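For the numbers below, each heavy atom of this structure counts, side chains included, while hydrogens, waters and symmetry mates do not. The shown structure was predicted, so the numbers you read here are calculated from the model rather than taken from an experiment. Read the numbers this way: they start at 1 and go in the same order the structure lists the ligands and their atoms.
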Amino acid sequence: MNIILLGPPGAGKGTQAVRLAGDLVLPHIATGDLLRKSVLQGAQLGKEAKDYMDKGLLVPDELVAKMLKARMADSDVKSGFILDGYPRNLNQAKTLDVLLKDFNLAIDLVVYLDSSESVIVQRLTGRLVCSGCGANFHIKNMPPKKTGICNHCGGKLFQRTDDKEETVRKRLEVYKQETASLIKYYESKQKLHRLSADEDAQSVLKKIAQLAKEFDDSLKV
Ligand code: AMP
(Lines give C-alpha, C1' and ligand atoms only; values in the text may rest on other atoms or scores of the structure.)
Protein backbone atom coordinates (compact mmCIF):
# COMPACT_ATOMS: atom_id res chain seq x y z
CA MET A 1 0.00 0.00 0.00
CA ASN A 2 1.34 3.44 -0.96
CA ILE A 3 0.35 6.27 1.35
CA ILE A 4 1.20 9.99 1.42
CA LEU A 5 0.84 11.96 4.63
CA LEU A 6 0.30 15.65 3.92
CA GLY A 7 -0.07 18.54 6.31
CA PRO A 8 1.70 21.56 7.73
CA PRO A 9 4.99 21.19 9.57
CA GLY A 10 4.13 20.18 13.14
CA ALA A 11 0.87 18.42 12.28
CA GLY A 12 2.48 15.20 13.49
CA LYS A 13 3.15 13.60 10.10
CA GLY A 14 6.48 12.19 11.29
CA THR A 15 5.04 10.70 14.50
CA GLN A 16 2.10 9.17 12.65
CA ALA A 17 4.24 7.93 9.78
CA VAL A 18 6.63 6.09 12.12
CA ARG A 19 3.77 4.33 13.95
CA LEU A 20 1.84 3.54 10.80
CA ALA A 21 4.98 2.21 9.12
CA GLY A 22 5.45 -0.08 12.14
CA ASP A 23 1.83 -1.27 12.11
CA LEU A 24 1.67 -1.84 8.35
CA VAL A 25 5.29 -3.03 8.09
CA LEU A 26 6.11 -0.52 5.38
CA PRO A 27 9.15 1.73 4.97
CA HIS A 28 8.76 5.31 6.16
CA ILE A 29 10.27 7.70 3.64
CA ALA A 30 10.67 11.22 5.01
CA THR A 31 12.41 13.67 2.70
CA GLY A 32 13.29 15.91 5.69
CA ASP A 33 15.08 12.95 7.36
CA LEU A 34 16.88 12.05 4.13
CA LEU A 35 18.01 15.66 3.72
CA ARG A 36 19.20 15.94 7.35
CA LYS A 37 21.13 12.69 6.96
CA SER A 38 22.76 14.06 3.85
CA VAL A 39 23.71 17.27 5.70
CA LEU A 40 25.22 15.27 8.58
CA GLN A 41 27.18 13.08 6.19
CA GLY A 42 28.59 16.19 4.52
CA ALA A 43 27.36 14.90 1.14
CA GLN A 44 27.23 17.32 -1.81
CA LEU A 45 23.42 17.24 -1.78
CA GLY A 46 23.37 18.10 1.92
CA LYS A 47 25.75 21.01 1.36
CA GLU A 48 23.47 22.41 -1.33
CA ALA A 49 20.33 21.86 0.78
CA LYS A 50 21.50 23.10 4.18
CA ASP A 51 21.10 26.83 3.65
CA TYR A 52 17.50 26.47 2.45
CA MET A 53 16.68 24.20 5.38
CA ASP A 54 18.17 26.56 7.97
CA LYS A 55 16.03 29.39 6.59
CA GLY A 56 12.84 27.31 6.57
CA LEU A 57 12.68 27.43 2.77
CA LEU A 58 12.00 24.56 0.41
CA VAL A 59 15.07 22.86 -1.05
CA PRO A 60 14.95 23.11 -4.87
CA ASP A 61 12.64 20.53 -6.41
CA GLU A 62 15.34 18.92 -8.62
CA LEU A 63 17.60 18.18 -5.64
CA VAL A 64 14.83 16.56 -3.61
CA ALA A 65 13.54 14.61 -6.62
CA LYS A 66 17.01 13.18 -7.28
CA MET A 67 17.31 12.09 -3.67
CA LEU A 68 13.82 10.56 -3.62
CA LYS A 69 14.40 8.69 -6.86
CA ALA A 70 17.45 7.02 -5.35
CA ARG A 71 15.44 5.99 -2.27
CA MET A 72 12.52 4.71 -4.37
CA ALA A 73 14.89 2.38 -6.18
CA ASP A 74 15.60 0.48 -2.93
CA SER A 75 14.09 -3.00 -2.84
CA ASP A 76 12.08 -2.46 0.38
CA VAL A 77 9.86 0.11 -1.39
CA LYS A 78 8.35 -2.52 -3.69
CA SER A 79 5.93 -3.70 -0.99
CA GLY A 80 4.68 -0.15 -0.41
CA PHE A 81 5.67 2.98 1.52
CA ILE A 82 4.56 5.82 3.76
CA LEU A 83 5.72 9.09 2.25
CA ASP A 84 6.13 12.00 4.65
CA GLY A 85 7.18 15.53 3.65
CA TYR A 86 6.86 14.94 -0.07
CA PRO A 87 5.30 16.30 -2.23
CA ARG A 88 5.29 19.85 -0.93
CA ASN A 89 4.07 21.62 -4.07
CA LEU A 90 2.26 20.84 -7.30
CA ASN A 91 5.45 20.40 -9.30
CA GLN A 92 6.65 17.76 -6.82
CA ALA A 93 3.29 15.96 -7.00
CA LYS A 94 3.60 15.72 -10.77
CA THR A 95 7.23 14.62 -10.50
CA LEU A 96 6.15 11.94 -8.05
CA ASP A 97 3.52 10.61 -10.47
CA VAL A 98 6.15 10.24 -13.19
CA LEU A 99 8.64 8.67 -10.79
CA LEU A 100 6.11 6.14 -9.51
CA LYS A 101 5.05 5.25 -13.03
CA ASP A 102 8.67 4.41 -13.84
CA PHE A 103 8.66 1.99 -10.91
CA ASN A 104 5.19 0.68 -11.84
CA LEU A 105 3.68 2.08 -8.65
CA ALA A 106 0.81 4.47 -7.85
CA ILE A 107 -0.48 6.37 -4.83
CA ASP A 108 -3.37 4.65 -3.06
CA LEU A 109 -4.21 7.07 -0.27
CA VAL A 110 -3.40 10.69 0.61
CA VAL A 111 -4.12 11.65 4.21
CA TYR A 112 -4.18 15.35 4.98
CA LEU A 113 -3.49 16.12 8.64
CA ASP A 114 -4.95 19.50 9.43
CA SER A 115 -3.77 21.51 12.41
CA SER A 116 -4.22 25.04 13.76
CA GLU A 117 -1.33 27.50 13.72
CA SER A 118 -1.21 27.97 17.49
CA VAL A 119 -0.97 24.20 18.09
CA ILE A 120 1.77 23.90 15.46
CA VAL A 121 3.91 26.69 16.89
CA GLN A 122 3.60 25.25 20.40
CA ARG A 123 4.46 21.73 19.18
CA LEU A 124 7.46 22.67 17.07
CA THR A 125 9.12 25.27 19.28
CA GLY A 126 9.06 22.76 22.16
CA ARG A 127 10.20 19.76 20.14
CA LEU A 128 13.41 17.96 21.10
CA VAL A 129 15.05 15.39 18.86
CA CYS A 130 17.48 12.63 19.86
CA SER A 131 20.88 12.90 18.18
CA GLY A 132 21.25 9.12 18.50
CA CYS A 133 18.02 7.45 17.35
CA GLY A 134 15.97 10.40 16.06
CA ALA A 135 13.13 9.92 18.60
CA ASN A 136 11.04 13.03 19.26
CA PHE A 137 10.17 14.52 22.65
CA HIS A 138 8.48 17.74 23.74
CA ILE A 139 9.53 20.05 26.54
CA LYS A 140 5.96 20.13 27.96
CA ASN A 141 3.79 17.53 26.19
CA MET A 142 6.24 14.62 26.25
CA PRO A 143 9.30 15.47 28.37
CA PRO A 144 12.15 12.95 28.56
CA LYS A 145 12.63 11.19 31.91
CA LYS A 146 16.06 12.82 32.28
CA THR A 147 16.44 16.40 31.06
CA GLY A 148 18.24 16.52 27.72
CA ILE A 149 18.64 12.72 27.46
CA CYS A 150 16.76 10.26 25.24
CA ASN A 151 14.62 7.68 27.08
CA HIS A 152 15.30 5.06 24.41
CA CYS A 153 19.03 5.19 23.64
CA GLY A 154 20.55 7.68 26.11
CA GLY A 155 21.50 10.02 23.23
CA LYS A 156 21.65 13.80 23.67
CA LEU A 157 18.50 15.74 22.80
CA PHE A 158 18.70 18.89 20.70
CA GLN A 159 16.39 21.48 19.16
CA ARG A 160 16.37 21.49 15.35
CA THR A 161 17.68 24.84 14.05
CA ASP A 162 14.52 25.19 11.97
CA ASP A 163 12.28 24.73 15.05
CA LYS A 164 13.11 28.23 16.35
CA GLU A 165 9.90 30.30 16.41
CA GLU A 166 10.89 32.71 13.63
CA THR A 167 11.79 29.82 11.30
CA VAL A 168 8.65 27.88 12.23
CA ARG A 169 6.53 30.88 11.17
CA LYS A 170 8.48 31.10 7.92
CA ARG A 171 7.95 27.38 7.26
CA LEU A 172 4.22 27.82 7.85
CA GLU A 173 4.09 30.74 5.44
CA VAL A 174 5.92 28.71 2.77
CA TYR A 175 3.59 25.80 3.44
CA LYS A 176 0.47 27.93 2.94
CA GLN A 177 1.76 29.39 -0.32
CA GLU A 178 2.73 26.05 -1.80
CA THR A 179 0.21 23.51 -0.64
CA ALA A 180 -3.23 24.81 -1.52
CA SER A 181 -2.75 23.69 -5.14
CA LEU A 182 -1.42 20.35 -3.94
CA ILE A 183 -4.54 19.67 -1.91
CA LYS A 184 -6.74 20.51 -4.90
CA TYR A 185 -4.64 18.19 -7.06
CA TYR A 186 -5.26 15.14 -4.86
CA GLU A 187 -8.89 16.15 -4.29
CA SER A 188 -9.45 16.13 -8.04
CA LYS A 189 -7.99 12.61 -8.15
CA GLN A 190 -10.33 11.63 -5.28
CA LYS A 191 -7.41 10.42 -3.20
CA LEU A 192 -7.50 13.02 -0.42
CA HIS A 193 -8.85 12.33 3.08
CA ARG A 194 -8.79 15.09 5.69
CA LEU A 195 -8.30 14.47 9.40
CA SER A 196 -7.91 16.85 12.31
CA ALA A 197 -4.45 16.44 13.80
CA ASP A 198 -5.20 18.51 16.90
CA GLU A 199 -6.45 15.40 18.73
CA ASP A 200 -4.09 13.11 20.63
CA ALA A 201 -1.67 11.08 18.51
CA GLN A 202 -3.29 7.71 19.27
CA SER A 203 -6.76 8.81 18.08
CA VAL A 204 -5.29 10.26 14.90
CA LEU A 205 -3.38 7.03 14.25
CA LYS A 206 -6.57 5.00 14.69
CA LYS A 207 -8.35 7.14 12.10
CA ILE A 208 -5.52 6.81 9.57
CA ALA A 209 -5.41 3.04 10.12
CA GLN A 210 -9.18 2.94 9.55
CA LEU A 211 -8.78 4.75 6.22
CA ALA A 212 -6.05 2.32 5.21
CA LYS A 213 -8.30 -0.59 6.12
CA GLU A 214 -11.20 0.84 4.12
CA PHE A 215 -8.86 0.87 1.15
CA ASP A 216 -7.52 -2.63 1.75
CA ASP A 217 -9.61 -4.75 4.09
CA SER A 218 -7.01 -7.50 4.21
CA LEU A 219 -4.88 -5.22 6.41
CA LYS A 220 -4.50 -6.32 10.01
CA VAL A 221 -4.66 -2.94 11.74
P1 AMP B 1 10.61 18.37 7.54
O2 AMP B 1 11.47 17.48 8.39
O3 AMP B 1 9.69 17.61 6.63
O4 AMP B 1 9.91 19.45 8.33
O5 AMP B 1 11.63 19.14 6.54
C6 AMP B 1 12.64 19.98 7.02
C7 AMP B 1 13.14 20.86 5.90
O8 AMP B 1 13.69 20.04 4.84
C9 AMP B 1 12.08 21.71 5.21
O10 AMP B 1 11.82 22.92 5.91
C11 AMP B 1 12.73 21.95 3.85
O12 AMP B 1 13.76 22.91 3.93
C13 AMP B 1 13.38 20.60 3.57
N14 AMP B 1 12.47 19.67 2.86
C15 AMP B 1 11.94 18.50 3.32
N16 AMP B 1 11.16 17.92 2.40
C17 AMP B 1 11.18 18.75 1.31
C18 AMP B 1 10.57 18.73 0.04
N19 AMP B 1 9.71 17.76 -0.31
N20 AMP B 1 10.83 19.75 -0.81
C21 AMP B 1 11.68 20.74 -0.49
N22 AMP B 1 12.27 20.84 0.70
C23 AMP B 1 12.04 19.86 1.61
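- At the shortest separation from atom 16 (N) of ligand 1 among protein heavy atoms lies Thr31 OG1, 2.8 Å.
- Among protein heavy atoms, atom 5 (O) of ligand 1 sits closest to Arg88 NH2, 3.3 Å.
- Here Asp76 pairs with Arg71 in a salt bridge; the nearest charged N to carboxylate O distance falls below 4.0 Å.
- Of all atoms in ligand 1, listed by their number and element, those nearer than 4.0 Å to a heavy atom of Val64 are 18 (C), 19 (N), 20 (N), 21 (C).
- Scanning Lys55, Met53, Glu178, Arg160 for the heavy atom closest to atom 8 (O) of ligand 1 points to Met53.
- In this structure, Glu187 CD and Gln190 CD are separated by 10.0 Å, a value rounded to the nearest 0.5 Å.
- Scanning the protein for heavy atoms near atom 19 (N) of ligand 1, the closest one is Gly85 O, 2.9 Å.
- Looking only at heavy atoms of the protein, atom 12 (O) of ligand 1 is closest to Leu57 O, 2.6 Å.
- Between the side chains of Asp198 and Ser116, a donor-acceptor pair is found at a separation under 3.5 Å.
- Among all protein heavy atoms, the one lying closest to atom 20 (N) of ligand 1 is Gln92 NE2, 2.9 Å.
- Of all protein heavy atoms, the one lying nearest to atom 13 (C) of ligand 1 is Leu35 CD1, 3.5 Å.
- Every atom of ligand 1 with a heavy atom of Asp162 under 4.0 Å away is listed here by number and element: 6 (C).
- Transitive grouping of hydrophobic side chains (ILVMFWY, heavy atoms separated by less than 4.5 Å) keeps Leu20 and Tyr86 in distinct clusters.
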Phe137 and His152: CA distance, side-chain angles, deciding distance, ring pair (Phe, Tyr, Trp, His ring centres under 6.0 Å) verdict: CA-CA 11 Å; Phe137 295 85; His152 311 295; 5.7 Å; yes
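- Both the backbone and the side chain of Leu58 come within 4.0 Å of ligand 1, judged by heavy-atom distances.
- The protein heavy-atom contact nearest to atom 22 (N) of ligand 1 is Val59 N, 3.0 Å.
- Interface of Gly32 with ligand 1, defined as ligand atoms under 4.0 Å from a residue heavy atom, comprises 2 (O), 5 (O), 15 (C), 16 (N).
- For Lys140 (side chain) and Gly126 (main-chain N/O), no donor-acceptor pair under 3.5 Å exists by modelled atom type.
- Atom 10 (O) of ligand 1 has its closest protein heavy atom at Arg171 NE, 4.0 Å.
- A distance of 14.0 Å separates CG of Asp61 from NZ of Lys66, quoted to the nearest 0.5 Å.
- Both Leu68 and Val110 are part of a single hydrophobic cluster, where members link through side-chain heavy atoms under 4.5 Å apart.
- Residues Glu165 and Lys170 are not paired through a salt bridge, judged by the lack of any N-O separation under 4.0 Å between the basic side chain and the carboxylate.
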